[in-house]
**Q** 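Structure provided below as structure tokens; questions to follow.
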There are 2 protein chains.
Amino acid sequence: MTKDISTEERILAAAKKIFMRDGFQGARMDDIAEEANVNKALLHYYFRSKRKLFEIIFQETKGKMLPRVKEIFESDMPFFEKIEKFVHSYFDLLIENPALPLFIVNEVHKDPRKFAEQSGFLEVVRPTMMIFMQHLNDEIKQGRVKQIAPMHLLMNIMSMCIFSFLGKPMFQMMANMDELQYQFFLQQRKEEVVRFVIDAIKA
Amino acid sequence: MTKDISTEERILAAAKKIFMRDGFQGARMDDIAEEANVNKALLHYYFRSKRKLFEIIFQETKGKMLPRVKEIFESDMPFFEKIEKFVHSYFDLLIENPALPLFIVNEVHKDPRKFAEQSGFLEVVRPTMMIFMQHLNDEIKQGRVKQIAPMHLLMNIMSMCIFSFLGKPMFQMMANMDELQYQFFLQQRKEEVVRFVIDAIKA
DNA sequence: GTCTATATATGGATAGAC
DNA sequence: GTCTATCCATATATAGAC
């Protein structure tokens, strides 16, 4: 038994699992309690309300995405290498947290403002985007990259990363892949997406 | 007043709007009733239960995607033209139904089996995929298209279409676009995605 | 801190008048 | 067909014993 983990920690871990799986509305406090092997009342003892508990999970989870993206794009790697690192890093993160994309997409959809406000999302993203755009425009001027609007390129890259997870159930059905096969497919996609992007934009 | 529209039709329209916006769990019968300007009890009079009402919306909505995809890929257009038609067609459909992707992704996520079973999704998709793969492999053999695994190409194309809508709130924030600007962005993406894909795969 | 028992709120569903 | 009133199940939240 992992009884050296505090009750509070166990609740947080359970909550993360259930919220990720079912979203805020779909998740039930009973399920979280059961998953954490504690009484339902304890959730309220520690975290007061479902909403509060959720916020903690959400905040913590959000924070994972950005720092590494920032780090990559602020480095002085060549442009294509930044793309490669970015895609690999993104895929690795999402392979560890496969429910994250649907979770984030849903929560942002429900309340975009809240997402923007708390935890200074924009304050981190905007400067990083600026650097990306600057580097891209340089490459275009140098004639190494075809003319392309930065937002479209960014959207294309992020699409191919994130949708690999959002579309998992549908693609698994369509291609009749079991879990193992899909994991292999995801590993392939890391290389595949990089190659695809570079082939699309290199002059 | 559009009072020549039957109550039943008004309820269906309202239900579609609310279910699209909030998903099955999130939607409330009260909201649907209010949106349709009828009493809550009437929803049950016409459709018996929330689940039943939902199924009707879901079925109807699902049916829109596939037929045109099927039609395009079963035609005898050149390969690149198929891609172009597919992307344009997909975007146009989703511009008309921007909430569809999140709706579908959520419902498939909650119960992949059900999605597969009802309305013979696989029976339509699988043959169409076969044709796509066949045509792609021909093009590769002819040396007009680079070597690429069909499932990856398919995933790439669908990603860039669908995620343009799933990621809308986040991208709008990041790029500080208002509604009109995002609509323009989406129109651009039709051309942009086609160009991107063709540049990526043409030999 | 952790439990049992219970209060309270929400939302789907039904009964019955009109 | 449409309404009001009400029931009932589910799920969040709190009270109080240990």
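Below, read A as the first sequence line, B as the second, and so on, with proteins coming before strands; counting in each chain starts at 1. Since this is a predicted model, take the numbers as computed values, not measurements.
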**Q** Measure from CZ on B:Phe47 to P on D:dT2 and round the result to the nearest Å.
**A** 11 Å

**Q** Rounded to whole Å, please give me the gap between CZ in B:Arg48 and P in C:dA15.
**A** 11 Å

**Q** What nucleic acid atoms does B:Tyr46 come within less than 4.0 Å of, heavy atoms only: base, sugar-phosphate, or nothing?
**A** sugar-phosphate

**Q** Does atom NZ (A:Lys114) have a neighbourhood of more than 12 heavy atoms from anything else shown, all under 6.0 Å?
**A**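 Counting other residues, nucleotides and ligands, NZ of A:Lys114 exceeds 12 neighbours.
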
**Q** List in chain and number order the residues that pass side chain to side chain donor-acceptor pair (under 3.5 Å) with B:His152, two or more places apart in sequence or in another chain; answer none if no residue qualifies.
**A** A:Gln188, A:Arg189

**Q** From CG of B:Asn37 over to P of D:dG1, roughly how many Å is that when rounded to an integer?
**A**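 That distance rounds to 19 Å.
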
**Q** For the pair B:Gln59 (side chain) and B:Ile56 (backbone), establish whether a donor and an acceptor sit closer than 3.5 Å, ignoring hydrogens and angles.
**A**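 No; judged by distance alone, with no hydrogens or angles, the pair does not exist.
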
**Q** Which residue pairs pass the salt bridge (Lys or Arg N to Asp or Glu O under 4.0 Å) test when at least one of the two sits in residues 144-165 of chain B, sequence neighbours left out?
**A** A:Asp199-B:Lys146, B:Glu139-B:Arg144

**Q** Roughly, in whole Å, what's the span from CG in A:Leu53 to P in D:dA13?
**A**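 After rounding, the gap between these two atoms is 10 Å.
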
**Q** What integer distance in Å separates B:Lys52:NZ from C:dG12:P?
**A**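 My rounded result for the distance is 16 Å.
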
**Q** Just report the end-to-end axis angle for the helix from C:dG1-D:dC18 to C:dC18-D:dG1, five pairs per end, to 10 degrees.
**A** 10°

**Q** Output the rounded distance in Å from CG (A:Leu42) to C1' (D:dA15).
**A**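 Checked: the CG to C1' distance equals 14 Å.
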
**Q** Sugar-phosphate means primed atoms, P, OP1 and OP2; the rest is base. With that split, encode nucleotides 5-12 of chain D 5' to 3' as B, S or - using protein heavy atoms under 4.0 Å.
**A** ------SB

**Q** Please report, rounded to the nearest Å, how far the C1' atom of D:dA13 is from the CG atom of A:Leu43.
**A**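 One finds 11 Å between C1' of D:dA13 and CG of A:Leu43, rounded.
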
**Q** ring-ring contact (aromatic ring centres under 6.0 Å, His included) with A:Tyr90: which residues, sequence neighbours excluded?
**A** A:Phe86

**Q** Is there any side-chain hydrogen bond (donor to acceptor under 3.5 Å, both in side chains) pair reaching into residues 99-109 of chain B, and which pairs are they, with sequence neighbours excluded?
**A**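 Of all non-adjacent pairs touching residues 99-109 of chain B, those that pass side-chain hydrogen bond (donor to acceptor under 3.5 Å, both in side chains) are A:Asn106-B:Asn106.
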
**Q** By salt bridge (Lys or Arg N to Asp or Glu O under 4.0 Å), which residues pair with A:Lys40, not counting sequence neighbours?
**A** A:Asp30

**Q** In whole Å, what is the span from the OH atom of B:Tyr45 to the C1' atom of C:dA15?
**A** 15 Å

**Q** What pairs of donor and acceptor atoms, side-chain ones from residues 13-25 of chain A against any protein atom, are under 3.5 angstrom apart with sequence neighbours left out?
**A**
unit_1  : atom_1 : unit_2  : atom_2 : d
A:Lys17 : NZ     : A:Glu35 : OE2    : 3.1

**Q** Restricting to side-chain contact (heavy atoms from CB on, under 4.5 Å), what partner residues turn up for B:Pro169, sequence neighbours left out?
**A**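 Counting only residues at least two positions away or on another chain, B:Pro169 forms a side-chain contact (heavy atoms from CB on, under 4.5 Å) with A:Val108, A:Pro112.
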
